[in-house]
> 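Mind looking over this structure? Questions follow.
The model shown is predicted, which means the values in this text are computed figures rather than measured ones. Atoms within each ligand, like the ligands themselves, are counted from 1 in listed order.
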Amino acid sequence: MDPLVFVIFGASGDLTERKLVPAIFQLFMNKSLPDNFAVLGVSRSKLSDEAFRKKVLESELFKPKGASSEQIEEFGKKLFYQAIDTGNAEAYGEVKTRLSKLDQEFSTGGNYIFYLSTPPRLYETIPAYLAQQGLNKEDNGWKRLVIEKPFGYDRSSALGLNKKLRDFFEEDQIYRIDHYLGKETVQNLLVTRFSNGFFEPLWNRNYIQHVEITNAENIGVENRGGYYDHSGALRDMFQNHLLQIVAHIAMEPPITADAKAIRNEKVKLFQSIRPIVGEDIGKYAIRGQYIASKIKGEPINGYRDEQGVPAESKTETFAAIKFFIDNWRWADVPFYVRTGKRLPTKVTEVAITFKSPPQALFNNEAGLQNKKNKLIIRIQPHEGLLLNFGMKVPGQGFRVKDVDMDFHYSELTDAYVPEAYERLLLDSIKGDPTLYSRGDSVEAAWNFVDPILDAWKNDPDIKLFGYPAGTWGPKEADLLIAESAVNWRNPCKNLTESGGFCEL
Ligand code: BG6
């Protein structure tokens, strides 16, 4: 692996402490990093190298598992810090000088990753100012740019951002991060589908009745109200993370497992999702906002009472969308995707419901006529897979019982499951963009959500429904899926379903 300096812009921010430094440390512990390696934190806050090390390594967010104080100290020696005014072009000369010194000291061959963990308004500025210093040029070592979400605020800003970035960096230098793609279980969707002989023949409109994806969080917006109110559930979760899951579920088999082939199939898929427009938006895109309630006797704030949220806010904290994919595989198969804050539990899962057998042979005895098999893919937590099917109850007659066959990742006891950020950062270091979003794919995903966002903003007739904190969202979301004569699967712990409410 090539040596490098990993530069974090926005280094005094929360993500650096919460995700980036812990992930880099874990890679260091696993000996996954090259020997010649350094991290340079860049931010406005005035900190010395020592103060930066202390801030990130003594943070309560840094929880090194099984590391000795010597190992933490050794890692600390690779961390450096440079304070600059990130909005001032001249200041990037200081970054360049500092990088040259580190490059010599650690023999990193001029290979730099610039990780942008800053407010999005700097996503255009920083690359432009780096380029002014020649820090985009690859004549002496490679240069890569990693960009955090949100990538754009809507379609036109995403297009604009892509264009600006490409003024200074080539597409193959740009890594747009979506941390869901770093989750083992999201990657495993592709392996489940394409490494087994028996799923794929059934994976189409002939056998699948509908696809359901639930992403639930029990937390509210916490102290992120200021950010969240300008975003909302559709931008925060759906446009990126959930559409990526849709892509893994629905894309065609790639011709090889390399980055180009996989990303080509994803773009095709995004382009095939039928846009929801006009009157259909009110029918097929349901939005909700949590209102105050009590959970386990404790009073819980409504969204509008959260810190940083305006009292009249119309931002959605819940979205449920029904859509179709216009291609040969999926024609007429409804996809239902919902996401929300302050739902009963934290879970992300995909539920695939298969069509009933053509003839209901055991109809009268079973009480399970029109049995529909389900495949549940649990993305998190209690990651695993569950197949639900009918079995004969022993004894006379043909009574059929619903049974489950399941696999839990935790059964792979000796396998180390890396954190999403660990996997993704390592890929950027290796130069493997497979699990990063390509520019055209981000634009195609925005194409789908843009008309919905636009209508939600401008059409006063489209309602925003309240739902009590701790419930599964507004009843209109239930009515949406009831069109397919089913209810949402409201998942609970350990892949089980307990009807309407989960353990809180
Ligand atoms: C982030 C969103 O991208 O993903 C947050 O901004 C959300 O609002 C988080 O809480 C969820 O990530 P995970 O990995 O906990 O499901």
Side-chain angles (χ1 to χ4, degrees), residues 10 13-20 22-23 26 61 63 115-120 123 146-153 158 175-189 213-246 248 287-290 303 306-309 313 315-319 337-350 377-384 409 417-425 435-437 442 445-446 449 453 469 473 491 493 502:
D14 168 65
L15 191 76
T16 306
E17 269 176 56
R18 201 158 40 88
K19 295 285 184 193
L20 304 181
Q26 202 50 52
L61 299 168
K63 299 183 185 104
Y115 194 106
L116 271 47
S117 166
T118 62
Y123 289 175
V146 183
I147 311 232
E148 261 298 332
K149 73 169 263 261
F151 194 88
Y153 184 72
Y175 290 65
R176 298 169 193 79
I177 198 162
D178 183 314
H179 81 276
Y180 266 55
L181 289 176
K183 292 185 192 276
E184 271 298 318
T185 37
V186 174
Q187 295 160 39
N188 188 44
L189 292 171
I213 301 176
T214 289
N215 168 268
E217 288 185 277
N218 44 357
I219 54 169
V221 293
E222 309 209 288
N223 55 3
R224 298 166 74 224
Y227 148 78
Y228 195 88
D229 203 61
H230 291 287
S231 169
L234 213 60
R235 287 190 177 90
D236 188 51
M237 291 298 303
F238 184 85
Q239 184 275 338
N240 34 64
H241 307 324
L242 297 180
L243 281 182
Q244 287 295 340
I245 296 181
V246 170
H248 282 208
R287 57 175 169 167
Q289 189 186 80
Y290 61 84
Y303 174 69
E306 303 277 21
Q307 189 195 330
V309 174
S313 171
T315 299
E316 79 287 356
T317 59
F318 175 96
V337 179
R338 64 177 171 168
T339 175
K341 300 251 182 223
R342 281 280 184 227
L343 300 191
T345 191
K346 168 139 178 106
V347 71
T348 304
E349 67 170 34
V350 180
I377 306 171
R378 177 61 76 84
I379 307 287
Q380 63 185 20
H382 305 289
E383 294 79 357
Y409 261 75
V417 182
E419 273 280 312
Y421 271 93
E422 263 170 74
R423 168 69 201 257
L424 293 173
L425 297 193
L435 299 177
Y436 285 84
S437 307
V442 175
W446 275 115
V449 298
L453 287 169
K493 280 188 171 175
C502 275

> What residue and heavy atom of the protein are closest to atom 4 (O) of ligand 1, and at what distance?
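Checking every protein heavy atom, the shortest distance to atom 4 (O) of ligand 1 gives H179 CE1, 3.4 Å.
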> Closer than 4.0 Å to some heavy atom of K341 - which atoms of ligand 1 meet that?
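Those atoms are 5 (C), 7 (C), 8 (O), 10 (O).
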> Return the residue, atom name and 0.1 Å-rounded distance of the protein heavy atom closest to atom 14 (O) of ligand 1.
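Sorting protein heavy atoms by distance from atom 14 (O) of ligand 1 puts K183 NZ, 2.6 Å first.
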> Please check whether Y228 reaches ligand 1 - meaning an N/O of the residue sits under 3.5 Å from an N/O of the ligand, judged on distance alone.
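In fact, backbone or side chain, Y228 has no N or O that close.
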> Give the numbers and elements of all ligand 1 atoms closer than 4.0 Å to a heavy atom of K346.
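Counting atoms of ligand 1 from 1, those under 4.0 Å from K346 are 13 (P), 15 (O), 16 (O).
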> For atom CD of E419, decide whether the heavy atoms of other residues, nucleotides or ligands shown that lie under 6.0 angstrom number more than 12.
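Open.
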> Which value, rounded to the nearest 0.5 Å, describes the distance between K183 atom NZ and L435 atom CG?
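Here the rounded value is 13.0 Å.
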> Which of the numbered atoms in ligand 1 are below 4.0 angstrom from a heavy atom of D236?
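The list of qualifying atoms is 2 (C), 5 (C), 6 (O), 8 (O).
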> Heavy atom under 4.0 Å from ligand 1: found in Y180's side chain, backbone, both, or neither?
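Side chain only.
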> Given E217, which of R224, R338, K341 fulfils the salt bridge (charged side-chain N to carboxylate O under 4.0 Å, His left out) condition?
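Going through the options one by one, the only one that passes is K341.
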> Here's a test for you: under side-chain contact (heavy atoms from CB on, under 4.5 Å), which of L234, T339, T214 qualifies with L242?
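Only match with L242 under side-chain contact (heavy atoms from CB on, under 4.5 Å): T339.
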> Once you measure the plane-to-plane angle for H241 and Y180, does it fall in the parallel (<30°), tilted (30-60°) or perpendicular (>60°) bin?
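Because their plane-to-plane angle is under 30°, the rings of H241 and Y180 count as parallel.
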> Does the side chain to side chain contact (heavy atoms under 4.5 Å, CB included) test come out yes or no for T185 and Q380, once each step is laid out?
CA-CA 8 Å; T185 37; Q380 63 185 20; 5.5 Å; no
> Atoms of ligand 1 less than 4.0 Å from Q380 heavy atoms?
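Counting atoms of ligand 1 from 1, those under 4.0 Å from Q380 are 13 (P), 16 (O).
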> Would you indicate which of E419, E217, R224 comes nearest to atom 5 (C) of ligand 1 when only heavy atoms are counted?
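Heavy atom nearest to atom 5 (C) of ligand 1 belongs to R224.
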> Donor-acceptor pair, E148 side chain versus I177 backbone, under 3.5 Å?
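Not a single qualifying donor-acceptor pair exists.
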> Under 4.0 Å from a heavy atom of K149: which atoms of ligand 1 are those, numbered in the order shown and with their elements?
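Under 4.0 Å from K149, ligand 1 has these atoms: 1 (C), 2 (C), 3 (O), 6 (O).
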